[in-house]
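The model shown is predicted, which means the values in this text are computed figures rather than measured ones. FYI, side chains are in, hydrogens and waters are out, and symmetry mates aren't considered; it's all heavy atoms of this structure. Chain identifiers are assigned alphabetically (A, B, ...) following the order of the sequence lines, protein sequences preceding nucleic acid strands; residue numbering begins at 1 within each chain.
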Amino acid sequence: MRRWLVLRYWLLPEPIAKITEAGDTFRKGIAVPHNHLLPRRSALPGRVHHGGHWECWKCIGISGKDGVVLVGERKVTSKLLQTNTSAEKMYKIDDHVACVVAGIMSDANILINTARVQAQRYAFAYQGPMPVEQLVQSLGDTKQGYTQFGGLRPFGVSFLFAGWDKNFGFQLYMSDPSGNYGGWKATAIGANNQAAQSMLKQDYKDNITREEAVQLALTVLSKTMDSTSLRSEKLELAEVFLTPSGKVECQLHSPESLDKLLVKSGLTQPAAEAS
Amino acid sequence: MSIFEYNGSALVAMVGKNCFAIAADRRLGVQLQTIATDFQRIYKMHDRLFIGLSGLATDAQTLYQRLVFRHKLYQLREERDMKPETFANLVSAILYEKRFGPYFCQPVIAGLSDEDKPFICTMDSIGAKELAKDFVVAGTASESLYGACEAMYKPDLEPEELFETISQALLASVDRDCLSGWGGHVYLVTPTEIKERILKGRMD
């Protein structure tokens, strides 16, 4: 017994020393209020480290009566950066849940992997899809754990989750680095989210259709962006909806179908693409 | 009696020209008593990959659920379907994990690669793979299936001929085995479509 106590006492001082070293940002027991963990330290609000570049972007989610829409803005920071045609910020968690990430990508990858495993564990145990809120909550629990104990840094990631389950239908959730989450009709995270949020507050109507939700998301995104023209390489879009046969589907739009959508919504001219 | 023969099963897969077929009987028994006559022991992993699990039915179902778990995570991470060869390695690894308390199953895997090349393979309950160019068999009727397939199989059959061959081989074999039978379930997979057919055999 006595030996055990001695050992424990010996183990304790280590992490405390680390905490003091890390400074106020990582102090024990402090929940990080938003995804400004890195931004604050580097004094670049809304900027996040990604692939060796500082990237700045925003994500919008809108839920309608027949589907949920997620839009993410991607920013090309350098001419030399290899342009990635596939999705970088949109991830499918399971057949019925998709998410978009705002924050540190390396942290996000860990969390996305945990979420996917969690969803499959549920499906294995109960032979059915995991309820969306339960999935969001389980990820929140993981995030929360890292705000409570010393020596470890919290996950610097916010998520928007879009999903469908048979009990509550279409749902949209936002989860922040502290592990807090909430259900939303429409919301925005990432850079410049205040402006987007207030635009959504004005323009969102209850019972909008999925198509209207796509329109609204694209309009809000284009109006809150710094650059003037909205092009397919600057954005990612995912939809969760039910097929006519009643099966839930997550669709990630390809650059081609995004171009079509943008032309349809009148945000870009079709002539520009032809040249 | 071996635990592999508790429920009874007959399983066969054959390669044709740019296509494959996989077939199984439909009986689920408890020793000599028949419990169900519409049992499914062939499972679809994705559009061009199938696995049949012969042996103890309860282990087959659990094993299938574990395979779905791993396959789904692979699909999400890699954003593509698993190649048949890769899947065979996965099944083998999962089986060998339980080397000293195995799943009492003998799987048959059949799939089409991205280049429309058919792949078939079987393995024992601890994951030792056996690859074949022509046909593979498993289950309590495996001995008679070997005979029937040796006699009837020809290389490079067209899809419809392949369906006829595998069906005749299966029906002929299950009649020589007390523990399998009660019709058959055949999947015929070509690069463009999957045909699923249910065979009526001697229903006794």
Side-chain angles (χ1 to χ4, degrees), chain A residues 70 72 84-101 105-106 108-130 132 135 138-139 159 161-164 236-238 240 243 245 247-255 257, chain B residues 28 36 38-53 56-83 86-87 89-98 101-105 107 114 127 193-196:
Chain A
L70 294 177
N84 206 157
T85 46
S86 72
E88 285 175 24
K89 304 282 184 296
M90 299 275 181
Y91 291 88
K92 210 170 134 174
I93 301 295
D94 199 352
D95 288 333
H96 64 298
V97 185
C99 76
V100 63
V101 181
M105 268 334 270
S106 51
N109 287 330
I110 303 283
L111 288 169
I112 286 159
N113 193 35
T114 328
R116 285 174 171 173
V117 171
Q118 211 70 256
Q120 279 331 110
R121 282 216 183 114
Y122 185 99
F124 177 66
Y126 306 112
Q127 297 298 305
M130 189 166 183
V132 183
L135 184 68
S138 90
L139 213 64
F159 284 107
F161 288 97
W164 181 91
E236 284 170 28
L237 195 145
V240 178
T243 58
S245 62
K247 236 184 113 228
V248 61
E249 195 174 303
C250 281
Q251 192 191 3
L252 271 169
H253 280 265
S254 64
S257 81
Chain B
L28 172 76
D38 59 351
F39 190 66
Q40 293 256 15
R41 53 178 100 259
I42 299 177
Y43 303 99
K44 187 166 99 168
M45 297 314 295
H46 58 73
D47 285 348
R48 348 176 86 208
L49 180 60
F50 289 76
I51 182 166
L53 295 166
L56 192 66
T58 177
D59 278 5
Q61 284 173 342
T62 304
L63 182 57
Y64 167 67
Q65 286 168 3
R66 282 196 64 189
L67 291 171
V68 168
F69 178 96
R70 298 291 295 268
H71 182 256
K72 190 79 215 181
L73 283 176
Y74 183 96
Q75 272 185 331
L76 288 166
R77 182 178 292 204
E78 309 249 336
E79 294 178 347
R80 64 190 170 92
D81 288 334
M82 211 182 249
K83 279 194 286 186
T86 317
F87 184 68
N89 286 319
L90 173 70
V91 177
S92 175
I94 286 180
L95 285 171
Y96 198 78
E97 265 177 30
K98 300 274 183 278
Y103 290 107
F104 297 113
C105 290
D114 295 336
E193 62 177 344
I194 307 163
K195 281 193 184 128
E196 180 188 359

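- Put simply, CG on A:D94 and NZ on B:K72 are 5.5 Å apart, with the number rounded to the nearest 0.5 Å.
- The side chain to side chain contact (heavy atoms under 4.5 Å, CB included) check on A:A123 picks up A:Q120, with sequence neighbours excluded.
- Here the straight-line distance linking atom CZ of A:R116 with atom CG of B:L73 works out to 8.5 Å at 0.5 Å rounding.
- Heavy-atom distances place the backbone of A:I93, and not its side chain, under 4.5 Å from chain B.
- In this structure, B:R70 CZ and A:F124 CZ are separated by 11.5 Å, a value rounded to the nearest 0.5 Å.
- The CG atom of A:N109 sits 9.5 Å away from the CZ atom of B:R77 when rounded to the nearest 0.5 Å.
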